[in-house]
Colleague: 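Just passing along the structure, written as C-alpha cells.
Residue numbers run from 1 in the order of the sequence given.
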Amino acid sequence: MSEERGTSVGTVFLSFLAGAAVGAGLGLLLAPKTGREMRENILDMTDEALDKIKGLTKEAQSKIKDTYEETKDLITEKKTIITSAIEAGKEAMDREREKFKEM
C-alpha cells in the first residue's frame with residue numbers, strides 16, 4: 001500500500017528514526033538539571049554572591065574611612081578657626097573693658 005503512494009516503508013522508518021533522534025537531542029538540551037547539578041549551581045551562585053558582597057563591603061568600608069578622615073580634618077580645621085575667633089573676641093573684649101575702666 002505504501003508503495004502505491006510513492007513512500008516506502010524504509011523511508012517512513014528512516015523519517016521516524018530521524019525525528020526520534022532530533023527529539024532526543026532536544027530533550028537532552030532542554031531537560032532540567034539533576035538535583036546534584038542544581039545544588040552545585042546554587043552553591044556556585046551563593047559563593048559568587050558572597051564574594052561580591054565582601055568586595056562591596058570592603059569598598060564601602062574604605063569609602064567610609066576616607067570620608068571620616070576628610071571630615072575629621074575639616075572639623076579640626078574649623079575648630080582651629082573658631083578657637084582663634086573666640087580668642088580674638090576675648091582679647092578685643094578685654095581691651096574694651098580696659099578702655100571703659102580708664103574712662
Colleague: Determine, stepwise, if the pair K52 / E48 fulfils salt bridge (Lys or Arg N to Asp or Glu O under 4.0 Å).
Modeller: CA-CA 6 Å; K52 285 183 182 179; E48 289 174 13; 5.8 Å; no
Colleague: For a side-chain contact (heavy atoms from CB on, under 4.5 Å) with R95, tell me which candidate from E98, R97, E91 qualifies.
Modeller: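 It is E91; the other options fail the test.
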Colleague: Quick one: do K65 and Q61 satisfy side-chain contact (heavy atoms from CB on, under 4.5 Å)? Show the steps, please.
Modeller: CA-CA 6 Å; K65 184 178 178 181; Q61 286 174 338; over 6 Å; no
Colleague: Do side-chain atoms of S62 reach the backbone of K58 as a donor and acceptor pair under 3.5 angstrom?
Modeller: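 Side chain of S62 to backbone of K58: no pair is present.
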Colleague: Rounded to the nearest 0.5 Å, what separation is found between the CG atom of N41 and the CD atom of E37?
Modeller: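 Going from the CG atom of N41 to the CD atom of E37 covers 7.5 Å.
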Colleague: As an exercise, state the distance from CD1 of I64 to OG1 of T57, rounded to the nearest 0.5 Å.
Modeller: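 I64 CD1 to T57 OG1: 9.5 Å, rounded to 0.5 Å.
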Colleague: Below 4.0 angstrom, N of the basic side chain to O of the carboxylate: do K63 and E59 qualify?
Modeller: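 Counted as a salt bridge, because a side-chain N and a carboxylate O are separated by less than 4.0 Å.
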Colleague: Tell me, please, which residues at least two apart from T46 pass side-chain contact (heavy atoms from CB on, under 4.5 Å).
Modeller: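 I42, L50.
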Colleague: Which distance, rounded to the nearest 0.5 Å, do you find between the OG1 of T80 and the CD1 of I75?
Modeller: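 Answer for the OG1-CD1 pair, T80 versus I75, is 11.5 Å.
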Colleague: In Å, rounded to the nearest 0.5 Å, how long is the span from OG1 of T83 to NZ of K78?
Modeller: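 Answer for the OG1-NZ pair, T83 versus K78, is 13.0 Å.
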